[in-house]
Structure formats: C-alpha cells, structure tokens
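The next block holds one structure in the form of structure tokens; read it before the comments.
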Amino acid sequence: MNPSLIIDASFLAAAFLFIYGLKRMSSPVTAASGIRVAGLGMVIAVVASFLYVFNVNEAAKPHLVVNAVLGAVALAIGLGWAWVSGKKVEMTAMPQMVALYNGMGGGAAAAIGAVELFRPDAEHTLVPLVVTIIGSLIGAISLSGSVIAWAKLDGRVNGTWRFTGLQAMNGTFFVATLALGLYIAFAAHGHAPVWMTAAFFVLALIFGVLMTMPIGGADMPVVISLYNAFTGLAVGFEGFVLQNPALMIAGMVVGSAGTLLTLLMAKAMNRSVSNVIFSNFGAVAGEEQGEIKGSMKPIDAGDAGINMRYASKVIIAPGYGLAVAQAQHKLYEFVKLCQDAGVDVKFAIHPVAGRMPGHMNVLLAEAGVPYDIIYDMEDINGEFKEADVAIVIGANDTVNPAARTNKSSPIYGMPILNVDQAKQVYVVKRGQGKGYSGVENELFFADNANMVYGDAQKVLVQMIQAVKSLDGGGH
Amino acid sequence: MLTGFIALYIFMLAAFTGYEIIGRVPSILHTPLMSGSNFVHGIVVVGALFALLNATTVTEQVIGFLGVLLGAGNAAGGYVVTERMLQMFKSSK
C-alpha cells in the first residue's frame with residue numbers, strides 16, 4: 001500500500017480526533033475523556049509520520065539512516081523528559097510548566113522554518129517563503145517569551161524591566177527583526193548568507209525576551225495564553241510550508257481558540273490584552289496612594305478558628321498564597337470540622353484566583369473539596385453581607401475594595417470579591433506585604449478586619465487544633 | 001498540492017472551529033483548556049520529524065534534531081499535565 005496514503009489518512013484521523021477531543025474538553029463532564037481522545041490522535045499522527053522514511057527527497061536518501069536514528073533519539077529524549085517532568089510537577093507549578101511546554105512547541109515551529117531557510121538546495125517560491133519567515137518569527141518569540149514567563153512564575157527571574165523608552169526600544173527591535181526577515185524573503189529569495197538568517201532568529205529570540213520582561217507576574221497567565229495562541233499560529237504557518245494539513249488545522253484551531261481564551265482571561269481581570277502587554281501595571285502604585293485610615297489588627301489563629309466554629313455562615317476566599325503553602329488539604333480538614341458543627345461554609349473563587357482562571361478550582365478539587373460548595377464570584381458576591389465571617393487566605397488584590405472606589409488605584413475597575421461586607425473578616429497572610437499589583441490593601445485596615453499572620457499551612461493547623469481541643473474538652 | 005486559496009479555506013474553517021469550541025466555556029475550564037490546546041499544537045513534532053528526515057547537511061540535522069526534541073516535549077508534557085488536571089475534575093465529581 002502507498003505509504004503517503006496511510007500518512008494522509010492518519011493525519012485526517014488525527015485532525016478529527018484533536019477537534020473532537022478539544023470539544024469534549026470544553027465541558028466539565030466530558031473533559032477527562034477529551035484529552036485521551038486528542039492523545040490518541042497524536043499517537044496515530046506520530047507513528048504514521050515515521051512512514052515518511054519511504055518518501056524523502058532524493059538528496060536526503062544517503063542520510064536517511066542517520067536522520068531516522070536522530071529522529072528516534074530526539075523523540076525519545078523529548079518525550080521521556082517531558083513525561084517525567086509533567087508527572088512530577090506540583091499542581092501549584094502547573095502554569096509555568098504549561099508555559100515551558102508551550103515554548104518548546106514554538107521552538108519546534110521555528111526549527112522547521114530554520115531547516116527550510118538553511119537548506120542550500122531549496123527552491124523557494126515567494127508566498128511559502130514569507131509564511132516560513134513569519135511562522136519562524138512568531139515561533140521564536142513564543143519560545144523565548146514563554147521561557148521568560150516560566151522563569152518569572154518559577155521565581156528564577158525577579159523584577160520587571162521598566163524605563164522610559166522601553167516600548168520605543170522594543171518597537172524598534174521588532175521592526176528591525178521583521179525588516180530583516182522580509183529582506184531574506186524579498187531581496188535574498190531565501191538564500192541569504194548564513195549569518196543573516198542566523199541573526200534573524202537571534203533577533204526574534206531576543207525580542208521575545210524584551211517583550212516579556214516588562215510584564216508583571218500577575219499578568220503572566222494572559223501572556224502565557226497569548227504565547228499559546230502564537231505557537232498555534234506558528235505551527236499552522238509551518239504546516240502550510242510543509243504542505244501538511246494536520247499541522248495547519250491543529251495550529252489554526254489552537255491559534256484561534258488561544259486568542260479567544262486570552263481575551264476571556266484578560267476580560268476576567270478587567271483589562272485589555274494591549275493593556276497587559278504595553279502598560280506598566282503597578283509602576284504608578286505608591287505614588288497616588290490615598291491616606292488609609294485605621295490600623296492592621298492581628299488576631300491569634302486559634303481564636304479566629306474558634307470564632308468560625310461558632311459562626312453560622314463562613315465564606316472562604318482562597319488565593320495563590322494558599323496554594324504556595326500547599327494548605328488546601330488542611331483547609332478542607334478545617335472546613336469539615338466547621339461543617340460537622342453545623343456551620344454553612346462556602347468557597348468564593350475570584351476569576352483569577354491562583355495564577356490562571358480555573359487554577360484555584362483545580363487546586364481545591366485536588367484536596368477533595370466538593371463542587372457544590374465552590375462558587376464563582378458573580379454567584380456569591382451578594383452573600384457576603386449575610387456572612388458572619390469571611391476568611392481571606394493568601395489573596396490580596398482580588399479582595400481590595402480600592403478596585404471599587406479608588407479611581408487612582410492601578411487595579412481600579414477590576415471586579416473583586418466583596419469580603420469587606422461580611423460582619424467579620426479574617427485575613428491569613430504571611431506578612432504585611434502588598435499584593436502582586438504592588439497596591440496597599442485598605443481592607444486590612446478596616447474596622448471589621450483582623451490579620452492572622454503566618455504561613456497558611458501553620459495557621460490552619462493551629463485553627464484545627466483549637467477547634468478540636470474545644471470539642472474534645474467535653475462541651 | 002495545497003494552493004494558496006485552498007490553504008486559506010483550511011485556515012479560515014479551522015479558525016472558526018477553534019472559536020466555536022472555546023466560546024461559552026465555564027471559567028473553571030480555562031486552565032485545562034489552555035493546557036489541552038497547548039498539547040494539540042504539539043503536533044508540530046510531526047512536521048519537525050519530516051524536516052529532519054529530509055535533512056542533507058549537518059546544520060539541518062542539528063536544527064531538525066532540536067525541533068523534534070522540542071516538539072516531542074511539547075506533545076508529551078502537554079498531555080501529562082492536562083491529563084493530571086482533568087483527572088481531578090473527574091475524581092471529585
């Protein structure tokens with residue numbers, strides 16, 4: 001049988017399985033099976049692609065054995081490393097891992113373009129050549145940008161670059177990179193000197209770094225999602241160059257789905273995508289801080305725990321600090337104690353709680369918290385005024401009332417959880433620091449708020465002990 | 001041979017498909033979906049493999065090798081991470 005027929009049929013099957021799998025992933029009930037469907041498509045496509053050995057170019061035939069061995073080795077290393085690292089990674093570190101894998105995909109797309117451009121005997125026609133170059137540019141930006149996003153979220157790179165003229169410099173850089181790419185296409189017809197082609201890739205990689213460095217940590221999820229869409233586009237473009245419809249379809253589906261996802265995420269944070277990329281979020285913080293009245297009042301963790309045990313309604317607003325402290329299991333243990341005592345406990349999830357939309361839900365699900373006590377912001381915001389206690393654990397900007405009232409605040413306009421309306425607010429926090437946006441939180445100074453200082457895990461252990469000793473004490 | 005216009009049709013339809021799949025998705029699924037779509041573009045490994053198998057110079061072989069390595073990492077890592085996330089939704093239901 002004709003190998004290329006098998007290859008084509010396998011790619012068709014893969015494209016179908018990808019779309020069907022993604023469709024299943026878009027509903028909570030069928031999501032878990034969706035990834036397996038898509039995974040099956042990937043296995044079929046990769047296995048079938050080894051049939052390429054039967055129809056390589058005439059010029060490549062003498063190198064076929066070496067190339068095939070190299071391919072198998074690269075596949076084994078990449079697969080093995082990613083499989084192990086993906087299994088090992090903590091749930092809290094998931095966003096940066098997604099960024100890293102995404103960057104690798106962008107790099108692979110750029111590599112396809114590079115092979116094309118470095119091929120000495122290639123006969124280029126203009127349209128595929130331009131597409132190759134654009135795809136390489138996007139892929140390379142996605143690679144280096146994602147690596148920076150990973151390093152930032154992983155705490156390996158700290159701080160953000162901000163100085164006057166930064167945007168102008170980045171803009172110039174981008175135009176220069178693009179101009180070089182177009183020169184290679186239109187003037188050199190794809191046969192530019194090696195140094196020039198190499199310079200194009202180096203410039204594109206540097207631009208990815210420059211573009212990502214000024215972006216603050218809180219905005220990183222939107223950026224990762226954007227780079228995800230970039231990689232999709234790059235893959236689609238290189239698929240066109242290779243005349244491979246499976247790459248074109250998968251790449252473009254992800255390119256468009258990723259773009260929409262990016263817009264949805266930005267909307268959940270009440271910001272526009274261009275605002276995320278080009279504005280200096282947090283840079284103005286501290287300048288126009290209004291006077292904050294009141295003081296931060298600390299309270300003992302045990303006392304706070306006992307008060308919640310005797311409350312009738314408690315709402316929990318968890319944030320990234322909870323995840324960092326790996327305290328979601330302890331939290332649920334405490335919640336169960338309260339529930340046993342007849343307290344109505346609910347979780348209020350801000351759209352960007354954690355590091356990405358839905359990240360907190362994943363973390364709570366990991367701890368076994370049932371769905372029916374987890375509420376989205378819109379559904380629970382009206383209930384805070386009936387709550388006896390609202391407890392904020394490791395969240396900050398998402399509960400800052402300044403977003404509602406203070407027009408000069410950088411987070412003004414962002415939807416927040418109305419925890420300040422509860423009768424009593426407890427804030428579990430490691431120290432007196434500010435949130436990711438660098439804004440002081442007036443909630444902490446409010447009359448009805450008390451601070452419980454300490455690592456979330458330790459605080460919750462103290463709360464559990466306090467409540468347990470109470471019940472064990474023969475009440 | 002995919003001519004320019006056929007390619008544009010494919011791109012257009014694929015873009016609509018992606019848009020329709022993601023529209024009206026509850027926000028709790030944003031992270032798994034981002035991860036899932038991240039996995040799907042791991043198909044790039046197939047293209048990288050094609051480029052490597054047709055390599056004739058050492059430069060092409062090195063870049064092709066890197067491409068396959070990165071692409072395989074994208075596909076495998078994307079799958080494992082997405083699978084783990086979605087597993088949690090299942091277990092707590």
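By convention in this document, chain letters (A, B, ...) are assigned in the order of the sequence lines, proteins followed by strands, and residues within each chain are numbered from 1.
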Just how far is it from atom CD1 of B:Ile43 to atom CE of A:Met42, taken to the nearest 0.5 Å?
5.0 Å
CG of B:Asn38 to CE of A:Met97, rounded to nearest 0.5 Å, is 11.0 Å
State, to 0.1 Å, how close A:Asn228 and B:Ser37 come at their nearest heavy-atom pair, and which atoms those are.
ND2-OG, 2.9 Å
Is there side-chain contact between B:Glu60 and A:Pro120, with heavy atoms separated by less than 4.5 Å?
yes
If you tally heavy-atom pairs under 4.5 Å against chain B, which of A:Lys61, A:Lys23, A:Met25 wins?
A:Met25
Quick check: are there more than 12 heavy atoms from other residues, nucleotides or ligands sitting under 6.0 Å from CZ of A:Phe50?
yes
Is chain B contacted by the side chain of A:Thr262, its backbone, both, or neither, given a heavy-atom distance below 4.5 Å?
neither
Could you grab the distance from atom OG1 of B:Thr57 to atom CZ of A:Phe118, nearest 0.5 Å is fine?
9.5 Å
Among residues at least two apart in sequence or on other chains, which ones pass salt bridge (Lys or Arg N to Asp or Glu O under 4.0 Å) with A:Glu378?
none
Just so I understand: if I count every heavy-atom pair under 4.5 Å between each of B:Ala51, B:Ala72, B:Ala75 and chain A, which residue has the most?
B:Ala72
Is chain A contacted by the side chain of B:Val45, its backbone, both, or neither, given a heavy-atom distance below 4.5 Å?
side chain
Hey, could you give me each pair passing ring-ring contact (aromatic ring centres under 6.0 Å, His included) that has a residue in residues 32-70 of chain B? Not counting sequence neighbours.
A:Tyr52-B:Phe50, B:Phe39-B:Tyr79
Look at B:Gly73, B:Gly67, B:Gly42, B:Ala76 and state which one has the largest set of heavy-atom pairs under 4.5 Å with chain A.
B:Gly73
Name the region of A:Ser225, side chain, backbone, both or neither, that has any atom closer than 4.5 Å to a heavy atom of chain B.
both
If you round to the nearest 0.5 Å, how far is CG of A:Asn67 from CD of B:Gln61?
4.5 Å
Show your working on side chain to side chain contact (heavy atoms under 4.5 Å, CB included) between B:Val44 and A:Ile112 and close with a plain yes or no.
CA-CA 9 Å; B:Val44 68; A:Ile112 294 174; 3.7 Å; yes
Side-chain touch B:Val46/A:Asn244, heavy atoms, less than 4.5 angstrom:
yes
Quick one: NE2 on A:His63 to OG1 on B:Thr56, what's the gap to the nearest 0.5 Å?
5.5 Å
Let me know if A:Phe11 has heavy atoms under 4.5 Å from chain B in its side chain, its backbone, both or neither.
side chain
Out of B:Ile63, B:Asn54, B:Leu33, B:Val68, return the one with the most heavy atom pairs under 4.5 angstrom to chain A.
B:Asn54
If we define contacts as heavy-atom pairs under 4.5 Å, which of A:Glu116, A:Glu238, A:Met91 has the most with chain B?
A:Met91
Heavy-atom pair of closest approach, residues B:Gly78 and A:Tyr101:
N-CD1, 3.8 Å
Ranked by heavy-atom pairs below 4.5 Å to chain B, first place among A:Ile349, A:Ile77, A:Val194 goes to A:Ile77
What option among B:Thr17, B:Leu49, B:Leu13 has the most heavy-atom pairs under 4.5 Å with chain A?
B:Leu49
Atom pair CE (B:Met34) and CD1 (A:Ile224), whose distance is rounded to the nearest 0.5 Å
5.0 Å
N/O donor-acceptor pair under 3.5 Å between A:Ser26 side chain and B:Ile22 backbone
no
Find the one option among A:Ile249, A:Asn57, A:Asn102 whose heavy-atom pairs under 4.5 Å with chain B are most numerous.
A:Asn102
Compare every heavy atom of B:Gly77 with every heavy atom of A:Ala82, then report the nearest pair and how far apart it is.
CB-N, 3.4 Å
Return yes if some donor-acceptor pair links the side-chain N/O of B:Arg84 with the main-chain N/O of A:Val89 below 3.5 Å, else return no.
yes
So for A:Val127, is it side chain, backbone, both, or neither that comes closer than 4.5 Å to the heavy atoms of chain B?
neither
Where is the tightest heavy-atom contact between B:Ala14 and A:Ser256, given as atom of each residue plus distance?
O-OG, 4.5 Å
Minimum-distance pair of heavy atoms, taken over all atoms of A:Val115 and B:Gly64
CG2-N, 3.8 Å
Does a side-chain heavy-atom distance below 4.5 Å link A:Met252 with B:Met12?
no
Counting heavy-atom pairs closer than 4.5 Å to chain B, which one of A:Leu79, A:Leu242, A:Leu70 comes out on top?
A:Leu70
Is it the side chain or the backbone of A:Val84 that comes within 4.5 Å of chain B heavy atoms, both, or neither?
neither
Can you tell me which of B:Leu66, B:Ile21, B:Leu53 forms the most heavy-atom pairs within a distance under 4.5 Å of chain A?
B:Leu53
